[in-house]
K.L.:
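Let me begin by handing over the structure; questions about it come next.
The basis for the numbers below is simple: all heavy atoms, side chains too, and nothing from hydrogens, waters or symmetry mates. Numbers restart at 1 for each chain; the letters A, B, ... are given by sequence-line order, proteins then strands.
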Amino acid sequence: MENCNLVILDFETSGLSPALGDRAIEIGAVKIRNGQVIETFQSLMDPGFKVSHFIQDYTGITNQMLAKAPPCEVVMEQFSKFISGQPLAAHKASFDSRFLDAELNRLGRAHTERFACTMLTARRVFPAAPDHKLGTLVDYLGINLSGHAHRALADAEAAGELWFRMLAEIRTTFRLQSIPFDLMQRLGRIPKNAVPAFLAEQAKQRAR
DNA sequence: TGCCAGGCCCTCTTTAGGGCCTT
């Protein structure tokens, strides 16, 4: 099964924009091989300043917890090795990609891995969902959260299960058994009304 | 006191605007 080799990650951060000085405060990720989670990564990281009450309330991550955590640079060095060479995915990938870029840039590194967005793909695979927030999709699909929502590993695991559910939906609806990473990535970028024709064509090509 | 970004997507669009999402 070439369809499930990737790392799905989630950052908790001090805010929305690394350009305004926001930093990562937690990273969680699941490594997927052959349709199964084979390894996880989770760590808090100290950004070097106190985060707002809003962020502490939103994530449950307190300044006391961050004061005991290793600095961002140490954690990101380890995480860089964890993801090395793997295709990546995240829910709202543009957000996590920006923080990944910003934190790796501080180490003089860059990530070149392909990056898929589970939110953009979910909008096309589950168009009838009430909305496409991760929490809503977790409820809509009956996914069991392993921990608290808005903690990095629990959200990464939820996004991983969402990835599996999307694969299952595509297999069932379009009889498409082989679903490579690239197809999932492309699916998030095509016009919504072109999705059925796109997947039908993919199934036809693979049946040849 | 109250707000901050950014990219995608849809449409009553394209000479634009606003909602969705992420923390």
K.L.:
What's the closest nucleotide to the A:R189 side chain, out of B:dA5, B:dT22, B:dC8?
P.N.:
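Out of B:dA5, B:dT22, B:dC8, the nucleotide with an atom closest to A:R189's side chain is B:dC8.
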K.L.:
Touch check for A:S14, heavy atoms < 4.0 angstrom, all strands: base, sugar-phosphate only, or nothing?
P.N.:
nothing
K.L.:
Work out how far the P atom of B:dG18 is from that of B:dC4, and round it to whole angstrom.
P.N.:
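B:dG18 and B:dC4 have their P atoms separated by 14 Å.
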K.L.:
What distance, rounded to whole Å, do you find between the two P atoms, one in B:dT13 and one in B:dG19?
P.N.:
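The same atom, P, in both gives a distance of 16 Å.
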K.L.:
For the P atoms, the ones on B:dG7 and on B:dT1, what distance do you get once it is rounded to whole angstrom?
P.N.:
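One P to the other, the span is 33 Å.
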K.L.:
Just how far, in rounded Å, is C1' of B:dC9 from CG of A:L187?
P.N.:
15 Å
K.L.:
If you measure from the C1' atom in B:dC12 to the same atom in B:dA16, how many Å do you get, rounded?
P.N.:
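Comparing C1' positions in B:dC12 and B:dA16 gives a spacing of 12 Å.
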K.L.:
Out of curiosity, A:F174 CZ to A:T172 OG1, how far, rounded to the nearest 0.5 Å?
P.N.:
10.5 Å
K.L.:
Heavy atoms under 4.0 Å, any strand shown: does A:D57 hit a base, just sugar-phosphate, or nothing?
P.N.:
nothing
K.L.:
Take the protein atom CD1 of A:I55 and the nucleotide atom P of B:dC4, then report the distance between them rounded to whole Å.
P.N.:
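Atom-to-atom, A:I55 to B:dC4, this comes out as 15 Å.
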K.L.:
Can you confirm whether A:R151 sits close enough to A:L44 that some side-chain heavy atom of one is under 4.5 Å from a side-chain heavy atom of the other?
P.N.:
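Heavy-atom side-chain distance check passes, below 4.5 Å.
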K.L.:
Send over the distance from A:L16 CG to B:dC20 C1', rounded to a whole Å.
P.N.:
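A:L16 atom CG is separated from B:dC20 atom C1' by 13 Å.
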K.L.:
Taking the minimum atom-to-atom distance to the side chain of A:R124, which one of B:dC9, B:dT23, B:dA5 wins?
P.N.:
B:dC9
K.L.:
Please determine whether a side-chain nitrogen or oxygen atom of A:R123 lies at a distance below 4.0 Å from atom OP1 or OP2 of B:dC8.
P.N.:
no
K.L.:
Output the rounded distance in Å from NZ (A:K92) to C1' (B:dC21).
P.N.:
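In whole Å, B:dC21 C1' lies 5 Å from A:K92 NZ.
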K.L.:
If I take atom CG in residue A:D131 and atom P in nucleotide B:dC10, what distance separates them, rounded to the nearest angstrom?
P.N.:
15 Å
K.L.:
Before accepting this row, confirm whether a basic side-chain N of the pair A:R109/A:E77 lies closer than 4.0 Å to the acidic partner's carboxylate O.
P.N.:
yes
K.L.:
Count the heavy atoms belonging to other residues, nucleotides or ligands that lie under 6.0 Å from CZ of A:R114, then report whether that count exceeds 12.
P.N.:
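Above 12, so yes.
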K.L.:
Can a salt bridge be assigned to the pair A:E73 and A:R23 using a cut-off of 4.0 Å between side-chain N and carboxylate O?
P.N.:
yes
K.L.:
Whole-Å distance between B:dT23 P and A:M45 CE?
P.N.:
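Atom CE in A:M45 sits about 13 Å away from atom P in B:dT23.
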K.L.:
A:D22 near the nucleic acid: base, sugar-phosphate alone, or nothing, with a heavy-atom cut-off under 4.0 Å?
P.N.:
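The residue A:D22 makes no contact with any strand.
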K.L.:
Under 4.5 Å between any side-chain heavy atoms of A:F41 and A:V75, yes or no?
P.N.:
yes
K.L.:
Starting at atom CG of A:L162, determine the distance to atom P of B:dC21, rounded to an integer number of angstrom.
P.N.:
13 Å
K.L.:
To the side chain of A:K133, which of B:dC4, B:dT22, B:dT23 is closest?
P.N.:
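Selected nucleotide: B:dT22.
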K.L.:
Please answer whether the main-chain N or O of A:S146 pairs with a side-chain N or O of A:E157 as donor and acceptor at a distance below 3.5 Å.
P.N.:
no
K.L.:
Assigning hydrophobic clusters by single linkage (Ile, Leu, Val, Met, Phe, Trp, Tyr; side-chain heavy-atom cutoff under 4.5 Å), is A:I8 placed with A:L104?
P.N.:
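In one cluster with A:I8: A:L104, no.
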K.L.:
For atom C1', what is the distance between B:dC3 and B:dT23, given to the nearest Å?
P.N.:
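Straight-line distance between the two C1' atoms is 15 Å.
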K.L.:
If hydrophobic clusters are built by linking Ile, Leu, Val, Met, Phe, Trp and Tyr wherever their side-chain heavy atoms come under 4.5 Å apart, do A:L137 and A:V37 end up in the same one?
P.N.:
yes
K.L.:
Given B:dC10, is OP1 or OP2 found less than 4.0 Å from the side-chain N or O atoms of A:K192?
P.N.:
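True: A:K192 side-chain N/O within range (under 4.0 Å) of B:dC10 OP1/OP2.
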K.L.:
Closer than 4.0 angstrom, basic N to acidic O: yes or no for A:E169 and A:R165?
P.N.:
no
K.L.:
List in numerical order all residues of residues 62-73 of chain A for which some heavy atom is under 4.0 Å away from an atom belonging to DNA chain B.
P.N.:
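Heavy-atom cutoff 4.0 Å gives no residues at all.
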K.L.:
Heavy-atom contacts under 4.0 Å between residues 96-122 of chain A and DNA chain B, which residues?
P.N.:
A:R98, A:M119, A:L120
K.L.:
Check the hydrophobic clustering (I, L, V, M, F, W, Y; side-chain heavy atoms under 4.5 Å; chains of links allowed) and say if A:L6 and A:L183 are grouped together.
P.N.:
yes
K.L.:
Mind calculating the distance between CZ (A:F54) and C1' (B:dT23) to the nearest angstrom?
P.N.:
7 Å
K.L.:
Nearest-nucleotide wise, let me know which of A:T13 and A:L20 is further upstream toward the 5' end of DNA chain B.
P.N.:
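Result of the comparison: A:L20.
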